[in-house]
Amino acid sequence: MNPRLVVLTGAGISAESGLRTFRGNDGMWEHENIDDVCTPEGYYRDRKRVKDFYNFLRRGLKEHEPNAAHFALAELEKRLGNDFLLITQNVDDLHERAGSRKVLHMHGDLNRLTCERNPDHKFVFTEDETMDTVCPFCESMSRPDIVFFGEPPLYMDRIQDALRQCEEFVYIGTSSVVYPAAGFKSFAKSYGAKVTCLNLEVPENDPYTDICIQGKATEIVPRWCKAFK
Ligand code: APR
């Protein structure tokens, strides 16, 4: 069954929970080298460095709590049921901890590992991954379940179906520069959806966005969710 409303979130929704966004002032990519920690080449060059980087981020999750924007989306899911689909580019677990049940982590999930040989082998993992951690299904070496630059995002068939059929597409807290997520608004629009942007910075004269609401996620998302009919 296809949802009436599709929501895409990015790092901006978790910013007020204290998690760094990727771009902009003091963003993650100012402190870390993408080529080292977020590409297949970087991973195969130095697996331990990459596993340790995601171990550090995974450990850090415990220090952050979901905020009012995450809770508002969880409430909306309860209200709309199958008419609602949440897609996130985030690898944190704040949507789940706010109560969201169906979350498509299109860029992966820090609390999951996958298998180096068979990417369909995925498993929940909340400890530190070491060079000895193996896939429980086939005993090959594990790796973080993170979609590196150059790798295909997850759940794309399901996402495209939903974007084709939905009545409204809303993107929240994302800079809309990383594809394919950045192209969801034009794709949904071309199939007739109304497109709304909720963000600290909103695009000017964007031909694919019908409504822009500018502000902090914790303020504008709860208000928007409450008003959604
Ligand atoms: N409320 C709303 N929006 C905010 C807030 C806030 N409190 N704080 C920041 N933002 C907005 C910024 O204005 C920016 O547009 O969130 C956006 C964050 O953009 P990015 O850091 O680029 O994050 P995102 O779009 O999620 O990045 C996409 O890039 O590196 C990859 O895989 C990584 O999933 C990530 C992808």
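None of the values given here were measured: they were computed from a predicted structure. Start at 1 and go down the list; that is how both ligands and their atoms are numbered.
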For Leu113, the option from Glu127, Arg58, Met141 that meets side chain to side chain contact (heavy atoms under 4.5 Å, CB included): Arg58

Just to verify, what does Glu65 make a salt bridge (charged side-chain N to carboxylate O under 4.0 Å, His left out) with, not counting sequence neighbours? Arg97

Would Asp52 and Arg49 pass as an ion pair if we require N to O under 4.0 Å? no

Carboxylate-amine/guanidinium proximity below 4.0 Å for Asp109 and Lys122: no

Distance filter under 4.0 Å, heavy atoms only, around ligand 1 gives Gly10, Ala11, Gly12, Ala15, Glu16, Thr21, Phe22, Arg23, Trp29, Gln89, His107, Phe149, Gly173, Thr174, Ser175, Val178, Asn199, Leu200, Glu201, Gly215, Lys216, Ala217

Please determine if Arg143 and Glu151 form a salt bridge, counting it only when a charged side-chain N lies under 4.0 Å from a carboxylate O. yes

For Asp26, I'd like to know if atom CG has over 12 heavy atoms of other residues, nucleotides or ligands within 6.0 Å. yes

